[in-house]
There are 2 protein chains.
Amino acid sequence: MLKDIIENNQNYQPGLSIDCVIFGFHDNHLKVLLIKVPRSTKSSLPGGFIPIDQDIDTAAVTVLNSRTGVEGVFLRQFATFGKISRNDQHFGKNVLEYLKIEEEKGKWLTQRFVTIGYYALVDFLKIIPNPVNHDEIVEWIDHKEVPELILDHKEILDKALDTLRTELNLMPVGYNLLPEKFTIPELQKLYETILDKKLDRRNFLRKITNIGILTKLDEKKSNVAHKAPNLYSFDKEKYDEVLKNGLTQGW
Amino acid sequence: MLKDIIENNQNYQPGLSIDCVIFGFHDNHLKVLLIKVPRSTKSSLPGGFIPIDQDIDTAAVTVLNSRTGVEGVFLRQFATFGKISRNDQHFGKNVLEYLKIEEEKGKWLTQRFVTIGYYALVDFLKIIPNPVNHDEIVEWIDHKEVPELILDHKEILDKALDTLRTELNLMPVGYNLLPEKFTIPELQKLYETILDKKLDRRNFLRKITNIGILTKLDEKKSNVAHKAPNLYSFDKEKYDEVLKNGLTQGW
DNA sequence: CATAAATGTGTTATTATGACGCAATGTACT
DNA sequence: AGTACATTGCGTCATAATAACACATTTATG
């Protein structure tokens, strides 16, 4: 796969890549989709290269889709990373030798790569992690337990989370991360996880319902300990409207 | 200059450029620094290419500095643009012929370029617009009177303004755009211009002073019609603190 | 059947916001 | 010189948003 790309590097945008931070929410934990290559001790964000005949946004959708199988999800560009040292030595001579790539073509790969970061919010349950290469492991990792990552991928991940945290003040979040029916405590837990702080139960309910994007269902969650919480769903129409216009701003 | 870059294109990141939206504020109007090339009917944003041995942020500072002569200003990356059609036909055969560039090397330039957008906030009065090429005209244009721009530069400019508008809710703005001493009505006008809406005088004063970044000076503006407004300055220490921690957020 | 842990639904005090009143200041015109 | 006018400075008041907290309800568990 990588060898194919290098051999046909004239079909790809040189020196430019895409990395996706794919967020999911499951079991009240925020998860990130990571790739593990057996020969390496470090994990990485799912990424890819950009065909010269594709918009970068389209290429990002392709990366996301090829890894998760989902379509039509929330995907947003958040930053571009281009320190000169960011991929020093990453594809060293040994890797090129291993892949049987001649030095001249290897230059395409070993130059400094600038990478465009996208973050995605996906429904954990609809995802089928898909290893593009046979020896890869694609897995969900709790965002609090992210192992050492290659290159500057940790920085990219942190920036994605920071962006998401900021955007929580500008837009509603949840439609893409929660199942069709969910409870307020689940939604609150999502907010708390992203913000990394506790929120007051009662104030959260008031504020989130005031946005006007929730529909209270005549149904309670089953098989739970203690009092069964009510189920809600998003009013997609109003949700999209608020997404488009943004939450009420300060000025 | 452009010819030099193409001739030595191995020294530059291929297929990648930087474009800067440089905002200034003067005479109660928000201005944008634009480049006009005499032979072209369209203007453009000041931009440049990325030396392979420079961080992209550094390259952006270089672009800004070479155009305006200022250093240490507010510069922020806001988005990356990479539609495949974005520079179709921009450097056509005629341009290459004009620059006497052989076809093979011209490919470096005529491929799809992805551009990284940065926006800067600068003190209008400290700027010395500097044409890098002898036949360029560098000028401040009122943001409401921006002429037709090349490529997708209008889209880039709009996105920059939109980002600035959003960030007004997250951080204080003004230190980089106003002179040392300024009046509240001037600061309000800046906010109104960016937000493109009228604000109430009295409520604005209350809200802006509550942030705690202003120092009221014992001095009034001179040579003004009507009642002379008081002068203020920013408390740089507190300003930077708020910039770092952000304005109080919703959640 | 009492307990523990969670949910549903409030109240209250404080603060922030939006809409507006009015006096003070300084220019410009008669 | 005196008055009209635009603009600033400093308020008020009603309403909305927020933070902190109280209490009853539901349901698994021992």
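Hydrogens, waters and symmetry mates play no part in the numbers below; they use all other heavy atoms, side chains included. In what follows, every chain begins at residue 1, and chains take the letters A, B, ... in the order their sequences are listed. The model shown is predicted, which means the values in this text are computed figures rather than measured ones.
Between the base of C:dT25 and the side chain of B:K227 there is no donor-acceptor pair shorter than 3.5 Å. In this model, no side-chain donor or acceptor of A:N210 finds a partner on the base of D:dA17 within 3.5 Å. You won't find any donor-acceptor pair under 3.5 Å spanning the side chain of A:R202 and the base of D:dA19, going by distance alone. Evaluation of atom-type donor-acceptor distances gives a pair under 3.5 Å for the side chain of B:R206 against the base of C:dG18.
Of the possible polar contacts, one joining the A:N169 side chain to the B:W251 backbone as a donor-acceptor pair under 3.5 Å is found.
Side-chain contact between A:H143 and A:T193 is present, with heavy atoms from C-beta onward closer than 4.5 Å.
Computed from coordinates, the B:K221 NZ to C:dT25 P distance equals 20 Å when rounded to whole Å. Atom-to-atom, CD of A:E219 to P of C:dG8 comes out at 14 Å; the value is rounded to the nearest Å. Look at NE2 on A:H226: it is 11 Å from C1' on C:dT3, rounded to the nearest Å. For the pair B:D200 CG and D:dT8 C1', the computed distance is 13 Å after rounding to whole Å. Straight-line distance from the CG atom of A:N230 to the P atom of C:dT7: 12 Å, rounded to whole Å. D:dT8 atom P lies 7 Å from atom CZ of B:R201, rounded to whole Å. The NZ atom of A:K197 sits 12 Å away from the P atom of D:dT18 (whole-angstrom rounding). The CD atom of B:Q188 sits 14 Å away from the C1' atom of C:dG18 (whole-angstrom rounding).
Nearest-nucleotide positions on DNA chain D place B:L205 closer to the 5' end than the other of B:L205 and A:K207.
The cationic atom of A:K159 (NZ for Lys, CZ for Arg) does not lie both less than 6.0 Å from the six-membered ring centre of A:F78 and within 45° of the ring axis.
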Report the C-alpha distance between A:L164 and A:I194 in whole Å, list the side-chain angles of each, state the deciding distance to 0.1 Å, and finish with yes or no for side chain to side chain contact (heavy atoms under 4.5 Å, CB included).
CA-CA 7 Å; A:L164 181 56; A:I194 294 172; 3.8 Å; yes

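Checked against C:dG8, C:dG26, D:dC10, the side chain of B:K216 finds its nearest nucleotide in D:dC10.
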